[in-house]
Amino acid sequence: MANPLLKVTDLEVLYGDAQAIWNFSFKVDKGAIVALVGSNGAGKTTILKTISGVILPRQGEVAFMGQPLIRRKPEDIVSLGISHVPEGRRLFSKLTVLENLELGAFLQKNPSLREESLKEVFSLFPKLKARTGQPAGSLSGGEQQMLAIGRAIMARPTLLLLDEPSLGLAPLVVKLMFETIQTLNQRGMTIILVEQNVYQTLQIASYVYVLQTGKLTLEGQGTDLLSNPDFQKAYLGMNL
Ligand code: ATP
């Protein structure tokens, strides 16, 4: 078996005295969609922030393509090939769509590669192409989420971290979002997906880790978890 693209080992994260993550280990193989699910406050966002270098863990290791990431600056981690689409999108609402996208490529010095990335984003999200001069804040919720993903793709990542991409979107747009995630994956991107829409997430995930108050409680293939009675009861609201 080839080495995983990302390997997280024995992670412990604290906010002050409060422990958010307890001894958590997981791996992401190249080409996978790995999902982190669990109720509010389970620690999913904390794990993504630790991978992207925003949070320093108390203990543990994060290795990406065999290279240790802990204590590296967030911008170095982007250069290595990891882009993070945070919860709440964090767009620059007064800047245009194009300006937001260009900010995603700020580390890319080669103009022809920047142009290529822009083409890739517009082929994925044609609606953004029609709105390049519009302020990001004037877009619909779904379009803003597409822009946040587009901005992350501008850095040409190998691994994309998606935090609640479907949050607050209308059901039809949620469906489109899940299709987009699959398309990104088919175009070669490895993905870690944090989602509240557990049912849809399990349909597209290659592997799923379930967290409860900072601890790993269950793991398995999406389709296996869907038929697991404990999981159905706890996360799909099914009374068996
Ligand atoms: P959600 O779906 O609500 O975003 P989550 O699974 O992503 O939940 P985290 O946001 O990682 O969970 O939070 C894990 C725990 O850490 C929670 O108990 C939360 O209150 C706490 N926490 C998160 N961020 C901070 C912070 N900046 N300061 C203190 N505690 C925090």
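Atoms within a ligand are numbered from 1 in the order they appear, just like the ligands themselves.
- Sorted by chain and number, the residues within 4.0 Å of ligand 1 by heavy atom are Tyr15, Ala20, Ser39, Asn40, Gly41, Ala42, Gly43, Lys44, Thr45, Thr46, Glu87, Glu164, Gln196.
- A donor and an acceptor atom, one from each side chain of Tyr209 and Thr217, are nowhere located under 3.5 Å apart.
- In this structure, the salt bridge (charged side-chain N to carboxylate O under 4.0 Å, His left out) partners of Lys175, at least two apart in sequence or on a different chain, are Glu179.
- Side-chain contact, Arg72 with Gln67: a donor N or O sits under 3.5 Å from an acceptor N or O.
- Judged as a salt bridge (charged side-chain N to carboxylate O under 4.0 Å, His left out), the pairs with a partner in residues 152-168 (not counting sequence neighbours) are, in order, Glu116-Arg156.
- Annotation: salt bridge (charged side-chain N to carboxylate O under 4.0 Å, His left out) contacts involving residues 185-206, sequence neighbours excluded, comprise Glu120-Arg187.
- Once rounded to the nearest 0.5 Å, the distance linking OG1 of Thr180 with CG of Asn185 reads 12.5 Å.
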